[in-house]
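Every number for a ligand or one of its atoms is a count from 1 in the order of the listing.
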Amino acid sequence: MSEGKSRFESGEEVVVMKFGGTSLEDADAIRRAVAIVQSRLHSQPVVVVSALARVTDQLLDAGAAAAKGRLGAALDLVRSIYVRHEQLADELVLGARRPLLDRELRREFQALESLLHSVEMSSCFDLRAQDHLLGFGERLSSQLVASALYECGTHAAHVEAGACIVTDARYGQASPLWEATHQRLQDALVPLLGRKQVPVLGGFIAATEDGTPTTLGRGGSDFTAAIVGAALNAARIEIWTDVDGIMTADPKLCSEAQVIRKMSFDEAAELAHFGAKVLHPATLSPARRENIPVHVLNSLRPEGEGTEIGVRARNSAAVTAITVKRQVAAVEIALLRAINSEVLSAVYAAFDEHGCSIDVMGTSLSRLSLIVGSTVALPKIAADLAGIAEVRWQNHKALVCLVGENLRSQPEVASRVFAAVSHLEVRVVCQGASERTISFLVDESKAEESVRRLHEMFFPRQKDPVNDWGGISTAFCQAG
Ligand code: ADP
Ligand code: ASP
Ligand code: MG
C-alpha cells in the first residue's frame, strides 16, 4: 500500500460490498440488500451494484434488434426496463428523494433511446457501441439502490463509476489504468467517507481517459468491487450473490456441491478463470496484490459464513473444487516447421492481435493444441498464420477443470481423474503450469456428467473415497 492511501482519515475500516443482479431481482431483494448494508454501518461501506437481474441481456438483445433495423422491438425492450425501474421506485422510494430519482431515470432512458436510434441508423453494434449500451443497466440500478438506501435513512451518495474507473479502449473487456483509477476513486470517495456517507457505484462500467464508455467484461461488477477495494485499501471485499459461497462445484450442475469455507486467492482465481461464474476472473488479482480478503456471501441468507478467500488455503483435501467452462473450441495448429521461439511468438502475436485469449496450451514437436473461449477470430488468425502453420478447430467442447492448492503434492490425483472420465472421449488432459489445476476437454454434452462423476469421486457422501483407480501414477499433459 503506498502512502496516502489511508484506511480513511477517520481511521475506520472500509468494507466494499458488491450486490449481483440476482441479489437485486425485485423490491424484496433490494430491501434485503439495503438491510445488509445497514448491518455494516459500524464499518465504512462502499456499495457496488450490478444491473438488476436479466437487464444486461435485455440491453444486448435491444442493441442487436436495433442494428437489424427492428427499432420498435428494441424500444419496447428498453421501455419495459424503464417501467420495471419505475415500479421498483414506487415500492422503494416514496419520500423526498423520489423526484430526483425520477429525473435521473428519465435522463438515462432518453440517452438510451437516442443511442438505440443511432445504432439503428448506422446498423453498427460493434463492441464500442455495445459497451455504451450495456452500461445503462448499472447506471440505472445504482441510482435506484442509492435512493432506496437513502429512503431507509442511510446517507447514501450516488457516484458515477464511469468517471472513476479509467480503462484502456479494449471494448468488451477493458483493463483498468491503475494509477488514474486509484486517484479518481480516492478523489471521489474519500470525501464522502469522511462525511460518513455511503457511496453507491455501478459495477462493470468504466470509461477511457477521454470519457468513452467501456465495460470490464460480462460479470465485471465483481472486478469493480476489487478495484475499489484496492484503491481504498479496504479491510474486506464482500461479494453478495445467490449461493452460500464458492462451492465444490456449480450447484446448478451438481446438487451435492458443498460450500468451501476458505480458499486461497490463487485457487479462486484459477476457478474463475476456468469458468466458475460466481466470480469474474480478474477479481482476485487486485485483492491479492493488496492482501484484502474477499468474502463470497448469500444475500438470501446473510447470516451464513460464506467463503473467505485469502492468502492461504486451510484445506487438506486433494481437490478444492471442480468447474467447467462451456462453449470453448479446441484448436490444432500444425506447424510447417519444427517449433521454435520465432514460431511461437508469431502464433501468440496472431492470437493477441485478434483479441483471442488462450485458456490452455499444449505443445509437441510440430503441433500446438490450444483451447480458446471463442471461435470468432479464428478464420482471421488462420489467415495470418498461413505459411507458418495450418489451423483447424472444433466447437462445442467444454473444459472441465479440477482446482486445488494441494494438487501439486498429490500427483496421483491426475490418474484418478483419468480413470473417472476415460470413457467419455477425453481429448486433452493437462496439468496446469501452476500445478494447481488439472483440466481436460470433453464434448459439451458430456460436461455435466464429467463434473458429477468427479464430484462423486473427490467429494464422496460417505467418508471413504473410491480407491480402485487403476494405478497410473504420474501427472500428465497430453496434447496433440
Ligand atoms: P451475481 O448475479 O451475484 O453476480 P452470478 O450468476 O454471476 O451471480 O454468479 C452466481 C452463480 O455462479 C451461482 O448461481 C452458481 O450457479 C454459479 N456458480 C458456478 N460455479 C460455482 C461455484 N463453484 N460455486 C458457487 N457458484 C457457482
Ligand atoms: N451486469 C453485468 C453482466 O450481467 C455485470 C455484472 O453483473 O457483474 O454481465
Ligand atoms: Mg456475477
Practice task
Measure the distances from the heavy atoms of Gly220 to every atom of ligand 2 and state whether one is below 4.0 angstrom.
Solution key: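 Within the 4.0 Å threshold, so yes.
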[Y] and [X], any side-chain heavy atoms less than 4.5 Å apart:
X: Asp250; Y: Lys277; value: no
X: Glu113; Y: Leu71; value: no
X: Leu100; Y: Ser147; value: no
X: Leu105; Y: Leu140; value: yes
X: Arg289; Y: Trp178; value: yes
X: Leu144; Y: Val49; value: no
X: Val34; Y: Leu92; value: no

Exercise for the section: For the pair Thr437 (side chain) and Val403 (backbone), establish whether a donor and an acceptor sit closer than 3.5 Å, ignoring hydrogens and angles. Expected result: no
Practice task
Answer yes or no: is there a donor N or O on one side and an acceptor on the other, between the side chain of His280 and the main chain of Ala282, under 3.5 Å?
Solution key: yes
Fill in the blank from the handout: In terms of its nearest heavy atom to atom 1 (N) of ligand 2, the top option of Lys18, Arg54, Glu138 is Glu138
Handout entry: Per atom 17 (C) of ligand 1, closest listed option by heavy atom (Val324, Thr241, Val243, Asp250)
Key = Asp250
Practice task
Verify the neighbour count for atom CZ of Phe136: are there more than 12 heavy atoms of other residues, nucleotides or ligands below 6.0 Å?
Solution key: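 Yes.
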If we only count N/O pairs under 3.5 Å, is [X] in contact with ligand 1?
X: Thr248; answer: no
X: Ala276; answer: no
X: Met247; answer: yes

Exercise for the section: For Gly219, take its heavy atoms, then give the atoms of ligand 2 lying under 4.0 Å from any of them. Expected result: 3 (C), 5 (C), 6 (C), 8 (O), 9 (O)
Exercise for the section: Please identify which atoms of ligand 2 are closer than 4.0 Å to at least one heavy atom of Thr56. Expected result: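 Matching atoms, with element in brackets: 1 (N), 2 (C), 3 (C), 4 (O).
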Handout entry: Location of contacts on His280 toward ligand 2, heavy atoms closer than 4.0 Å
Key = neither
Is the shortest distance from a heavy atom of [X] to ligand 1 less than 4.0 Å?
X: Asp242; answer: yes
X: Gly21; answer: yes
X: Pro251; answer: yes

Practice task
Measure from NZ or CZ of Arg79 to the centre of the six-membered ring of Tyr82, then state whether that distance is under 6.0 Å and the direction lies within 45° of the axis.
Solution key: no
Report, in ascending order of atom number, the atoms of ligand 1 lying under 4.0 Å from any heavy atom of [X].
X: Gly245; result: 24 (N), 25 (C)
X: Ile246; result: 24 (N)
X: Thr22; result: 1 (P), 2 (O), 3 (O), 8 (O)
X: Lys252; result: 13 (C), 14 (O), 15 (C), 16 (O)

Exercise for the section: Begin from the C-alpha positions of Asp131 and Thr214 and carry the test side-chain hydrogen bond (donor to acceptor under 3.5 Å, both in side chains) through to its verdict. Expected result: CA-CA 5 Å; Asp131 273 0; Thr214 56; 5.3 Å; no
Tell me which protein heavy atom sits closest to [atom], plus the residue, atom name and distance to 0.1 Å.
atom: atom 12 (O) of ligand 1; result: Val278 N, 3.4 Å
atom: atom 3 (C) of ligand 2; result: Arg218 NE, 3.3 Å
atom: atom 7 (O) of ligand 2; result: Ser50 OG, 3.2 Å
atom: atom 6 (O) of ligand 1; result: Lys277 NZ, 2.9 Å
atom: atom 4 (O) of ligand 1; result: Lys18 NZ, 3.1 Å

Problem - Per-residue contact class, Arg218 against ligand 1 - non-hydrogen pairs under 4.0 Å - result: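 For Arg218, there is no contact with ligand 1 at all, from either part.
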Practice task
List the steps, then state whether side-chain hydrogen bond (donor to acceptor under 3.5 Å, both in side chains) holds for Ser142 with His158.
Solution key: CA-CA 7 Å; Ser142 53; His158 181 261; 2.9 Å; yes
